Amino acid sequence: MGTDIHMIGESKNFSGYSAFTIPEKFQGRNYNFFAGLAGVRNGFGCAGCKRHQEVTPLVSEDFSKPEDTSSTVDLWLQEDHVISDAFGWTGDHSFGMCTLKQLKEYDWGQKIIAYGVLSLEEYEKWDKMSRPKNYSGGIMGKNIVTIEESELSGYVFEKDKKYYVQAAWEQPLVEVKFIDELLEHLAAYIEYDKTDEDVRIIFGFDS
């Protein structure tokens, strides 16, 4: 079963905080973003498939709702159906909050070791210098054999088997374009006399 994020934004103005929506394109299934943001799916995907090395998340403590949240966010966290219709569902676990300043300061481009399974044919075409184009977290089935990269030298292949290779490579945690666009969206809500610390996201996840 997959995991999705649910977010709502808040911007501080002269009278307090007001809520704003976060576009759907930032709320898709991006496990590397989830790992960096809140330690959710941190290195593992569905069925426990190893996806990448664990990272230190931006938000690592239990969520404690601040006292100055807007009435909209209060109702959103209570799953009020009118607010949910406008801003989306809250999710049901791993709630958290962070400011635009914190999002900007986190190292989203940090290099990580990622893992995946490639068919033997794909592995042999792969340049080993970048993320492969076609891979999966894991594979199983009749006559399917998965081997480690270190086992390839001298391995005796059988004609009636379909071979896959458990591979590893280095890549950024999150693609620059995704983060830049998210930060740009949030920055548009900074009031004229406010800063990056006055815009924040509140989020939750589902399973």
Side-chain angles (χ1 to χ4, degrees), residues 1-7 22-63 88-96 106-179 181-182 201 203-207:
M1 190 175 195
T3 296
D4 295 298
I5 193 171
H6 305 270
M7 293 189 282
I22 307 293
E24 285 294 324
K25 69 177 182 177
F26 301 123
Q27 304 198 54
R29 192 165 291 178
N30 187 333
Y31 287 167
N32 285 32
F33 176 58
F34 300 172
L37 179 65
V40 172
R41 295 283 188 176
N42 195 351
F44 295 88
C46 296
C49 291
K50 190 174 182 181
R51 299 185 66 253
H52 60 77
Q53 67 186 91
E54 289 191 32
V55 298
T56 300
L58 172 58
V59 178
S60 57
E61 299 179 357
D62 292 337
F63 175 61
W89 184 39
T90 60
D92 55 16
H93 68 84
S94 304
F95 295 99
Y106 188 75
D107 185 10
W108 298 103
Q110 62 186 278
K111 296 296 185 181
I112 59 168
I113 302 300
Y115 306 96
V117 174
L118 294 71
S119 69
L120 183 59
E121 294 79 10
E122 286 290 334
Y123 181 84
E124 290 173 341
K125 291 186 294 184
W126 177 39
D127 64 12
K128 316 298 187 294
M129 301 298 292
S130 59
R131 181 171 58 189
K133 292 182 179 180
N134 300 300
Y135 66 92
S136 62
I139 190 166
M140 61 179 63
K142 185 178 180 181
N143 294 325
I144 288 178
V145 178
T146 301
I147 59 179
E148 300 288 338
E149 286 182 279
S150 60
E151 298 176 318
L152 284 172
S153 180
Y155 193 92
V156 179
F157 296 97
E158 300 177 40
K159 291 183 178 180
D160 61 340
K161 306 290 185 184
K162 179 68 174 177
Y163 290 95
Y164 289 80
V165 181
Q166 178 69 59
W169 58 91
E170 187 179 75
Q171 68 174 62
L173 175 62
V174 179
E175 296 297 331
V176 172
K177 184 175 185 292
F178 174 85
I179 292 299
E181 290 182 353
L182 174 59
I201 59 170
F203 54 85
F205 296 85
D206 68 53
S207 297

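No experiment lies behind these values; they were computed from the predicted model shown. Start at 1 with the first residue, then count along the sequence. The basis for the numbers below is simple: all heavy atoms, side chains too, and nothing from hydrogens, waters or symmetry mates.
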Cation-pi check, R41 onto F34 ring (under 6.0 Å, within 45° of axis): no

Do side-chain atoms of Q166 reach the backbone of T146 as a donor and acceptor pair under 3.5 angstrom? no

Taking every non-hydrogen atom, the tightest pair across A38 and P57: C-CB, 3.7 Å

Looking at side-chain heavy atoms only, is the closest gap between Q171 and I113 below 4.5 Å? no

For Q110 and V55, work out which heavy atoms get closest and say how close. OE1-CG1, 3.8 Å

Shortest non-hydrogen contact from S207 toward T3: CA-OG1, 4.2 Å

Would you compute the distance between atom CG of N30 and atom CG of D4 and round it to the nearest 0.5 angstrom? 11.0 Å

Looking at CG of L58 and CH2 of W108, how far apart are the two atoms once the value is rounded to the nearest 0.5 Å? 5.5 Å

Shortest non-hydrogen pair, K111 vs P172, comes out as NZ-CG, 3.9 Å

Could you measure the distance from the CZ atom of F44 to the CZ atom of R51? Nearest 0.5 Å is fine. 11.0 Å

Do the side chains of E121 and K125 get close enough for a salt bridge, i.e. N-O under 4.0 angstrom? no

On the 0 to 90° scale, with breaks at 30° and 60°, tag the F205-F203 ring pair as parallel, tilted or perpendicular. perpendicular

Looking at K128, I'd like to know if its NZ atom is crowded, meaning that more than 12 non-hydrogen atoms belonging to other residues, nucleotides or ligands lie closer than 6.0 Å. yes

The reported gap from CD1 in I112 to CG in N32 (rounded to nearest 0.5 angstrom) is 5.0 Å

Shortest non-hydrogen pair, H6 vs G91, comes out as CD2-CA, 3.7 Å

Evaluate the side chain to side chain contact (heavy atoms under 4.5 Å, CB included) criterion for residues D107 and L173: first the C-alpha distance (whole Å), next the side-chain angles of each, then the deciding distance (0.1 Å), finally the verdict. CA-CA 9 Å; D107 185 10; L173 175 62; over 6 Å; no

The reported gap from CG in N42 to OG1 in T56 (rounded to nearest 0.5 angstrom) is 8.0 Å

Between CG on residue N143 and NZ on residue K159, distance to nearest 0.5 Å: 15.0 Å

Quick check: do L118 and N134 have side-chain heavy atoms less than 4.5 Å from each other? no

For a 4.5 angstrom cut-off between non-hydrogen side-chain atoms, does I147 reach F157? yes

Residues 131-152 vs ring pair (Phe, Tyr, Trp, His ring centres under 6.0 Å), sequence neighbours excluded, gives Y135-W169

Any residue meeting side chain to side chain contact (heavy atoms under 4.5 Å, CB included) with D92, in chain and number order, not counting sequence neighbours: W89, D206

For I5 and F26 the tightest heavy-atom approach is CG2-O, 4.1 Å

Using a 4.5 Å cut-off on heavy atoms from C-beta on, say whether the side chain of E149 contacts that of Y123. yes

Go through F178 and K25 one step at a time and tell me if the side chain to side chain contact (heavy atoms under 4.5 Å, CB included) criterion holds. CA-CA 9 Å; F178 174 85; K25 69 177 182 177; over 6 Å; no

Audit row: V165, W126, side chain to side chain contact (heavy atoms under 4.5 Å, CB included) steps and yes/no: CA-CA 12 Å; V165 181; W126 177 39; over 6 Å; no

With side chain to side chain contact (heavy atoms under 4.5 Å, CB included) as the criterion, how do T90 and F95 come out once you've worked through the C-alpha distance, each side chain's angles and the decisive distance to 0.1 Å? CA-CA 9 Å; T90 60; F95 295 99; 4.2 Å; yes

Counting only N and O atoms by type, is there a donor-acceptor contact under 3.5 Å from the side chain of E151 to the main-chain atoms of E148? yes

